[in-house]
Novice: 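I'd like to ask some things about the structure below.
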Amino acid sequence: MSEPAIPTPELTEQDGSKADDLAEILQGLRQSPKVLSPKFFYDEVGSQLFEKITELPEYYLTRTELSIMRKHIGEIVNLIGPHASLIEFGSGSSMKTRILLEHLDRLAAYVPVDISRDHLVAAAEALALEFPHIEVLPVAADFTQPFDLPQPGVMPLRNIVYFPGSTIGNFSPGAAQALLEVMYQEAKEGGALLIGVDLKKDKTILERAYNDGAGVTARFNLNMLRRLNNEFSANFDLSRFEHRAVYQESPGRIEMHLVSTCSQTVRVAGKDFHFEENDFIRTECSHKYTLEEFAEMARRAGFVVHTVWIDPERLFSVQYCLRE
Ligand code: SAH
Ligand code: AVI
């Protein structure tokens, strides 16, 4: 007898408007220094380049977070308890989530939320095949804008918001707190937040992680310009920009830049933007926190840090935060 077919996960789509994205891009390019949001990294090519970054020897974040998750999965599972709904912000390929999906007790649903639509759909389909007993409900949305969550078929006992990867670091402290407040709402009464937070450390380790020898991070950074050319009628010449990542001790963040190698004018959707040699666009900040700094930010959003797991080298933390 043949196996029953696994249904394709139903996608909930919160259509961001192209016009809003363009307005945000033009506004960022008018600033001094010029800025673009890191959310524009993630088309299909950008998502794949990020996957490559996670495998780089210099990029300690992913393998360290994975090792923490594997080591403490028993304790994490006990804290979360049975019949939870797992809502993941910025799920990407859901690689780390597999550890949770394999171990959590009778999960009510898994709701991955990501802006990179096609990548999300592929990841959700793979998970539905791998975990046929779990309801997978993908949401394609910009999580910085209001979005609706689908209702699972089975009523969960509690909502667990999962935010791994230290993606929280890609937001300014004010925006990060606002995002934590959204997560507080989504966790609902009795819910919790499980979050990966990268820690402050030696500048050399940090700058190496964002300036890898194979040049993958440079390709990831430059991909944003290729995307603007393809989707927003821009004419960036990628050979006239260089990747740079520098750690600013105060406030404690890596800044990724695209530096103009000459004096040039670029057109985006009919508007001209001039660059002198060495002018740059800031494409990403990756804030690093002390445990105290993160606890304070979480507290202001309504969470109390319950348990913190750290690797022996104190590079990265995974934190379980309860709604107060
Ligand atoms: N959670 C994964 C992936 C981290 S990469 C990990 O830990 O390895 C960051 C992810 O967040 C990407 O998949 C990207 O598409 C998504 N993302 C970034 N900004 C977003 C936004 N504003 N709304 C929704 N998803 C976003
Ligand atoms: C997704 N985010 C947490 C990564 C980071 O480390 O800030 C994105 C990244 N940028 C360069 N390398 C990786």
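Reckoned from all heavy atoms, side chains included, excluding hydrogens, waters and symmetry mates. Numbers for residues simply follow the sequence, beginning at 1.
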Novice: Is the Lys NZ or Arg CZ of Lys52 less than 6.0 Å from the centre of Tyr59's six-membered ring, within 45° of the axis?
Specialist: no
Novice: Just say parallel, tilted or perpendicular for the rings of Phe232 and Phe40, cut-offs at 30° and 60°.
Specialist: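 Phe232 vs Phe40 ring planes: perpendicular.
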Novice: Are Asp43 and Arg226 within salt-bridge range, i.e. N to O under 4.0 Å?
Specialist: yes
Novice: Between Phe241 and Phe236 (judged by ring centroids, cut-off 6.0 Å), do the two rings come close enough to count as a pair?
Specialist: yes
Novice: Sorted by first residue and then second, give each side-chain hydrogen bond (donor to acceptor under 3.5 Å, both in side chains) pair with at least one member in residues 188-199; sequence neighbours left out.
Specialist: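 As it turns out, the side-chain hydrogen bond (donor to acceptor under 3.5 Å, both in side chains) pairs with a partner in residues 188-199, which skip direct neighbours, are Tyr60-Asp198, Asp198-Lys201, Asp198-Lys288.
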Novice: Without swapping roles, check the side chain of His83 against the backbone of Leu107 for a donor-acceptor pair under 3.5 Å.
Specialist: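 Pair absent, no side-chain N/O of His83 close to backbone of Leu107.
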Novice: Got a sec, which residues hit side-chain contact (heavy atoms from CB on, under 4.5 Å) with Ser47, two or more places apart in sequence or on another chain?
Specialist: Tyr42, Ser116, His119
Novice: Looking at every non-hydrogen atom in both residues, tell me the closest pair between Val305 and Cys321 and how far apart they are.
Specialist: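 Shortest heavy-atom separation between Val305 and Cys321 comes out as CG2-SG, 4.1 Å.
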Novice: Side-chain donor-acceptor pairs under 3.5 Å in residues 19-28, sequence neighbours left out?
Specialist:
unit_1, atom_1, unit_2, atom_2, d
Glu24, OE1, Lys39, NZ, 3.0

Novice: Tell me if the CD atom of Glu313 is crowded by more than 12 foreign heavy atoms within 6.0 Å.
Specialist: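 Atom CD in Glu313 is not packed in, count stays at 12 or less.
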Novice: Salt bridge (Lys or Arg N to Asp or Glu O under 4.0 Å) for Glu102 and Arg98? Distances and angles first, verdict last.
Specialist: CA-CA 6 Å; Glu102 278 162 13; Arg98 285 184 161 73; over 6 Å; no
Novice: Can you list the residues that meet the ring pair (Phe, Tyr, Trp, His ring centres under 6.0 Å) rule with Tyr247, with sequence neighbours excluded?
Specialist: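 Tyr247 satisfies ring pair (Phe, Tyr, Trp, His ring centres under 6.0 Å) with no residue once adjacent residues are dropped.
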Novice: Which side-chain hydrogen bond (donor to acceptor under 3.5 Å, both in side chains) pairs, counting each pair once, include a residue from residues 144-168, with sequence neighbours left out?
Specialist: Asp142-Thr144
Novice: Just jot down the side-chain contact (heavy atoms from CB on, under 4.5 Å) partners of Arg323, sequence neighbours excluded, or say none.
Specialist: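 side-chain contact (heavy atoms from CB on, under 4.5 Å) list for Arg323, sorted by chain: Tyr184, Ala187, Phe303.
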Novice: For the atom pair CD (Glu207) and CD1 (Ile254), what is the distance rounded to the nearest 0.5 Å?
Specialist: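 Rounded to the nearest 0.5 Å, the CD-CD1 separation comes to 5.5 Å.
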Novice: Working note: Arg227 + Val45, criterion side chain to side chain contact (heavy atoms under 4.5 Å, CB included); need CA distance, chi angles, decisive distance, verdict.
Specialist: CA-CA 9 Å; Arg227 190 171 174 205; Val45 176; over 6 Å; no
Novice: Before you tell me yes or no, could you show the steps for His274 and Ser263 under side chain to side chain contact (heavy atoms under 4.5 Å, CB included), namely the whole-Å CA-CA distance, both residues' side-chain angles and the distance that decides it to 0.1 Å?
Specialist: CA-CA 8 Å; His274 186 72; Ser263 168; 3.5 Å; yes
